[in-house]
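Before any comments, here is the structure.
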There are 2 protein chains.
Amino acid sequence: MGHHQLDELDYKILKLIAANARIPFLEVARECNVSGAAIHQRVQKLTNLGILKGSEFIMDSNKIGFETCAYMGFYLKNPGDFSHVVEELRKIPEVVECHFTTGQYDMFIKLFARNNQHLLEIIHTKLQPIGLSRTETLISFREIFRRQLPIEEVENMD
Amino acid sequence: MGHHQLDELDYKILKLIAANARIPFLEVARECNVSGAAIHQRVQKLTNLGILKGSEFIMDSNKIGFETCAYMGFYLKNPGDFSHVVEELRKIPEVVECHFTTGQYDMFIKLFARNNQHLLEIIHTKLQPIGLSRTETLISFREIFRRQLPIEEVENMD
DNA sequence: TCTGAAACAGTATTTTG
DNA sequence: CAAAATACTGTTTCAGA
């Protein structure tokens, strides 16, 4: 799947910067016992490979005014309308994740709203008009934890 | 809820650094027409307020060997066992999000696995023994998009 | 092809007002 | 919050393994 080109150093770098995007590369270099230039080159390589897709700050959603986090699964009224629906979902800033799924639903999204009232408003005025059917909403009462993917080197089959 | 103490500059800073954790603060400063020291102080303030909770690199899960992304909702066999279950879930590195929810389930988690076979393995050997009941699993066939919370200044009621 | 030492440009952070 | 000063980092270059 393309990840076997990564060696131990790559994984070590990923593990360090995944958990802290602002860690100085020189500090990463010291922990890995290589030069800063090496880290710089590796990070560039990982970016070029599409493994690193950018960085972001993690914010407390409640503290910036989004008290309600919800997940929604739904079917489409007109299957085959996928791409249109996706485009419409993209226009709704409160929708922060969008997945194609198998099983219970056609699609699955995560969204934030200022409060439960605002969530209902988004569902009624923005989501329903798109053409969804059999929607089910799940409200997260509290996010207990959230973290990065486990980064470990896997069996290298050279 | 505590977010009314933020002014326009705070929101502008948040918007810029949320989308790119490695943007130089001096560049943020230029875009905001303030000094670098101001940005530094604001970021520190936002961190102290708990609004900024760290930073991370975004990685392509497929490219580091996690081809399967799943969501699972479930009830607990012994309600009241919440904290024990949470502790057990924390020990499973593949579980990347954990929520208390209302409605369909007691809890809801997001997890990654190397492939579908690995997912089943995790469910059977790690999750089921914890004491979950009526689990439902939803497999994300593809993550279409993923982005940050919408950051906008809301009505200031000073 | 990859590494690491050196050099430069630029940034983070502190101090001061 | 701005300006200035210092210490440090990001990035490029280049020689060598």
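All values below come from the heavy atoms of this structure, side chains included, with hydrogens, waters and symmetry mates left out. Residue numbers begin at 1 in each chain, while the letters A, B, ... track the order of the sequences.
Grouping Ile, Leu, Val, Met, Phe, Trp and Tyr residues whose side-chain heavy atoms lie under 4.5 Å apart, directly or via other members, places Tyr105(B) in a hydrophobic cluster with Tyr71(A), Tyr75(A), Tyr105(A), Phe108(A), Leu138(A), Tyr71(B), Tyr75(B), Phe108(B), Leu138(B).
Applying the salt bridge (Lys or Arg N to Asp or Glu O under 4.0 Å) test to every pair with at least one member in residues 43-52 of chain B, sequence neighbours left out, gives these pairs: Asp10(B)-Lys45(B). Pairs engaging residues 122-131 of chain B under the salt bridge (Lys or Arg N to Asp or Glu O under 4.0 Å) rule: Glu94(B)-Lys126(B) [sequence neighbours left out]. Each salt bridge (Lys or Arg N to Asp or Glu O under 4.0 Å) pair with one or both residues in residues 131-148 of chain A, not counting sequence neighbours, appears once here: Arg146(A)-Glu56(B). Here salt bridge (Lys or Arg N to Asp or Glu O under 4.0 Å) pairs that include residues 80-92 of chain B, with residues two or more places apart or in two chains, are Glu87(B)-Arg90(B), Glu88(B)-Lys91(B). Within the structure, the side-chain hydrogen bond (donor to acceptor under 3.5 Å, both in side chains) test picks out no pair touching residues 24-39 of chain A (sequence neighbours left out).
Counting to the nearest Å, the C1' atom of dT13(C) and the CD atom of Gln44(B) are 9 Å from each other.
Heavy-atom contacts from other residues, nucleotides or ligands closer than 6.0 Å to CZ of Phe141(B) number 12 or fewer.
Legend: residues meeting side-chain contact (heavy atoms from CB on, under 4.5 Å) with Gln117(A), ordered by chain and number and at least two apart, are Asn115(A), Glu121(A). Partners of Ala70(B) under the side-chain contact (heavy atoms from CB on, under 4.5 Å) rule, at least two apart in sequence or in another chain, are Leu111(B), Leu119(B), Thr137(B), Ile139(B).
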Polar-atom pairs under 3.5 Å, protein N or O versus N or O of nucleotides 2-6 of chain C: list them with distances, or write none.
residue, atom, partner, partner atom, Å
dT3(C), OP1, Arg42(A), NH2, 2.9
dG4(C), OP2, Ser35(A), N, 3.3
dG4(C), N7, Ser35(A), OG, 3.4

Worksheet item: Tell me, for nucleotides 5-10 of chain D in 5' to 3' order, what letter each nucleotide earns: B for a base near a protein heavy atom under 4.0 Å, S for only sugar-phosphate near one, - for neither?
Response: ----SS
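Each end of the helix from dT1(C)-dA17(D) to dG17(C)-dC1(D) gets its own rotation axis from five pairs of C1' atoms, and the angle between them is 30° to the nearest 10 degrees.
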Indicate every side-chain donor-acceptor pair of residues 14-25 of chain A with a distance under 3.5 Å to a residue at least two apart or in another chain.
residue, atom, partner, partner atom, Å
Lys15(A), NZ, Ile151(A), O, 3.4
Asn20(A), OD1, Arg22(A), N, 3.1
Asn20(A), OD1, Ile23(A), N, 3.4
Arg22(A), NH1, Ala21(B), O, 2.6
Arg22(A), NH1, Ile23(B), O, 3.1

